[in-house]
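Here's the structure we're looking at; comments come further down.
Atom set for the values below is all heavy atoms of this structure, side chains included, hydrogens, waters and symmetry mates excluded.
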Amino acid sequence: MKIVANKIGKRAGFLAVFLAWAFFGVLGVYGIGDVFATTSTITMTIDGNDTATTTLSMNLLPTTAAGTFAKSSNTTIGVTTDNFSGYTLGIKADSTSATPTSLVDTNNNTFTTISSALTESDFSAESGTDYNNKWGYMPSQYITYNNSIATVVPNTGDNAVFLPSPTTSGDTLAKTNAANVNNAVDEYTIAIGARATINTPIGAYSNTFIITAVANLIDYSISYNKNTTETVSNMPSSATTGSADHSTTTIPLSSNVPTRTDGYAFLGWCSVATVKSGTTDTCSGTVYNPDGGGTNLNYTINQIASNTNITLYAMWGIPPYVITWDNNYSGSNLAANTTTNVYSGSAVVLPSTPTAPTTQCNGQACYSSFKEWNTKADGSGSTVTASTVPTGDTTYYAIWNFNSNTLQSVTAATCPTSATTVYDARDGEAYKIQKLADNNCWLLDNLRLGGDTAITLKAGDTNSETRETGRDANANGVAVNAFTLPANGAWTSSTQNSYNVPYIASSGDCNNTYCTNTPTTGKWTKDSTTTTYGAGSGKVGVYYNYCAASAGTYCYNSGAGTGDASYSVCPAGWKMPTGDQANGSYYYLFNTGYSGNKTATNSGSLQYNLSTPLSGYFYSGKAYGQSNYGYFWSSSRSRGNYMYYLRVDASGVNPQYDYNRYNGYSVRCMIKAS
C-alpha cells in the first residue's frame, strides 16, 4: 500500500501570516492476520522530499480585532492498496512535539486547536471571535459514531466541517476505495483553516502529523472436498477464517485425516481439482499435508491474486510406505526407533539427526558422533539422503562413528604393542588387547557378550551379516533376520542356544575347588575367574555353541556348512582365528617358530601373553573342566559338523583339535595383520 501526498497550494493576501503544516514520511509494515491475509507497506512521498510545507496568507484589517479566517488549498493524498477490501485512513499528532496539537512558530507563538467540529461558515463568521488564534483541519471525509455505529461523512464544499487537530493516539478518518478494486488509486484531500487577529505575530507556524493507511480485514472461507464418490469419514468441516489474530498470512489447516472404506490412503490436500494417474491422484497446484506426512501444513493466502473462497481437494492413492529409522546401537539408554510415512514416488523426509548418548554402552561413551543413514546396518549399503525415494516399506539404519576407546575402532595399524584396555561398543564390557609375536592383534580376554538379556547382533558393530528378509536364508531355506543371542537359561537343544551364563548341576560337574567358590545361586557367572595365564582378566566369559559363535551361520549338528565360518560373535573388524593345521592363526602363533615357548610356567611364553584361562566348557546343562582345560573356537571347519578349536592346559597348547558344534566353548577374537 502506498500513500502519496502532494504539495498544498497558496493564496495571496495583503498582510502575510505564514502557517506551515509539515507531513513527515512514514514507512511501516502492517501485518494483517490469518483471517484475511495482507502485508502492506505504506510510504509517504512528497515530490521526492520527506516534508510537505504550505504557505497560508490571510486578509486582515488593521483597524479591527474581530479576526480573519483563511483556508489553505487541499493537500491531495493518493492511496494504492493491495487489499481487496480497501483500507482505513488515520492521522495522529507527533507525540514527540512539545505542543503536539498546536501550530508553533520559531518564537513559540501558537495557534491552538478548536475544541469541537465546526462548519466553515461558523469558523469564518465575524461573530465567531471565540475561535480567534485557533486552527483546525478539514478532511475530504471522516467517520462519525452513533451508538458505536460508524458512518462515513463526505466533507466537501463551503460549509464543510473543520475538525480539531488530531490527538497523539490518532483519529480514524474514513474507509476509502469503497469499490474494493485491488491496486486502484484512491485520492483523499486535507485542508487547514485558521483565524488570526491584527495582534497575531507574523511567522511560519508548523507541526508534524502522521498519516497512516491500514488495510481492512478479508475473511476467507475454507471448505474441503472429498474428491471421490466413495464413502469418506472424518472429513473436516468448512470454516470461515474469522479471528482477532492479525499476526500471520497463513491459515492452519484442519488436522482431520479423512479415511475411505476401500483401502485407498489419504495423500493430502490439493489447491486445485486433482487428476488420476493410475491408482494415485496427482496435483498440478499446491499440495498440503496436514496429516503429518509432510511439512506444508498451512494454507498461504495470496491476497493480490485471490479474492475468492478456498476449496481444497482430497488426494487419494495407494497406502503410504512405512519408513523405520533404526538407531542401530545397543545399550541401556537406547533411544526409541522412529517411523514416518512416505507416498509412492516421493522422497523421504529425514528425521532429526540423532545424538549418541554419552553412556550408551554400560557407562562408556562408545559412539563419538552420527555419520549417516544407510540402507544396511553395517554401512555397506547406500547413503540415505533427502532425495532417496523408497519403493516399499523400508528400514534405514543410523551409522555411527566409534570412539577410539572401542574394540570396533581398532585396526591392525592402531593395535597397541602392550596390553591396553578398550571397550566393546555393544555392551560396554572392558577388554585388554595387544599385538603379539605373530604381529596380529589379539583379544587377551574371553569374550563376555550376552548374559541376562537377549542381544541382537548387527553388522554395524559385529562381525556378522545382516540377513534381510528375502535376501538370505538359513539351511532350511527360511529367511532370517540378524542373529540374536538369547538370554541365559537352562541348556536346550535349540540351534540358537548361546549357552550364556550356564547353570552347574552338582559339584561333580566341575573341579571341586571352583564349585565351592561359585555364588550361592549355584551358577557360574561370566565374570567368575579360573586359573589364568598372562595379563588378561582371566574371566570365564560366556560359553558359546558354534551357532552362537558363528553369529548364526552354522547352527545344526550336521549337514550345514562345508567351509569356514565367515562371520562370528566378535566385534566389527575382528574375527575368530583360523584353526587348521596348515596356516591357522592358532597353529601359526604356537607351533611355527615358537615350539619351545608355549607353556604357562614361562612368563614370557605366548600362552602366558595370550592369557588363556582354564575356563572349561559347557555341554547339556553342565560345565566341565574348569581349572583343567581351556577350549577356544576357531572359524575353521574340520570335517562333517566338527570345527577346529584351541585347547590349552598347564603343560601346553594344542591348536588344531576338533569337535562338534553343540559344545559350548570360549571365544577369542583377533585382527590379522595386513
Side-chain angles (χ1 to χ4, degrees), residues 33-37 218-243 245 248-325 337-352 373 384-396:
D34 59 358
V35 295
F36 55 86
I218 298 178
D219 287 345
Y220 290 94
S221 175
I222 292 186
S223 61
Y224 300 87
N225 189 311
K226 70 177 186 177
N227 198 27
T228 179
T229 59
E230 299 290 334
T231 301
V232 177
S233 58
N234 204 35
M235 279 289 293
S237 300
S238 298
T240 299
T241 59
S243 171
D245 180 7
T248 180
T249 59
T250 60
I251 303 174
L253 299 177
S254 171
S255 60
N256 285 21
V257 179
T259 57
R260 278 170 55 167
T261 58
D262 58 358
Y264 273 65
F266 173 70
L267 306 183
W269 301 103
C270 182
S271 61
V272 297
T274 61
V275 176
K276 287 288 184 186
S277 177
T279 58
T280 304
D281 290 343
T282 60
C283 178
S284 60
T286 303
V287 176
Y288 299 90
N289 296 293
D291 63 330
T295 57
N296 198 8
L297 310 182
N298 301 295
Y299 187 90
T300 301
I301 294 175
N302 185 339
Q303 57 149 358
I304 296 175
S306 175
N307 190 28
T308 60
N309 291 329
I310 303 155
T311 299
L312 298 179
Y313 298 86
M315 297 173 58
W316 304 100
I318 59 175
Y321 303 139
V322 178
I323 308 302
T324 300
W325 304 91
N337 295 331
T338 60
T339 59
T340 56
N341 291 340
V342 63
Y343 300 104
S344 176
S346 298
V348 298
V349 177
L350 296 176
S352 300
W373 293 105
V384 179
T385 69
S387 300
T388 299
V389 179
T391 57
D393 294 348
T394 307
T395 297
Y396 296 127

Taking the side chain as C-beta and beyond, is there a heavy-atom pair between [X] and [Y] under 4.5 Å?
X	Y	value
Ile310	Ser223	no
Thr274	Thr282	no
Val287	Met315	yes
Met235	Asn256	no
Val348	Val384	yes
Thr259	Phe266	no
Trp325	Thr340	yes
Val232	Tyr264	no

Checklist entry - Do you know which two heavy atoms are closest between Val272 and Ser284, and how far apart they sit? => result CG2-OG, 3.5 Å
Checklist outcome for this item: Here the gap from Ile323 atom CD1 to Thr338 atom OG1, rounded to the nearest 0.5 Å, amounts to 10.5 Å
Next on the checklist: Distance check, rounded to the nearest 0.5 Å: Asn225 atom CG versus Ser238 atom OG?
Outcome noted: 9.5 Å
Item to check | Verdict with supporting geometry, Trp269 and Tyr224, ring-ring contact (aromatic ring centres under 6.0 Å, His included) | outcome: CA-CA 8 Å; Trp269 301 103; Tyr224 300 87; 4.9 Å; yes
Item to check | Name of the residue among Thr394, Thr395, Asp393 meeting side-chain contact (heavy atoms from CB on, under 4.5 Å) with Val322 | outcome: Asp393
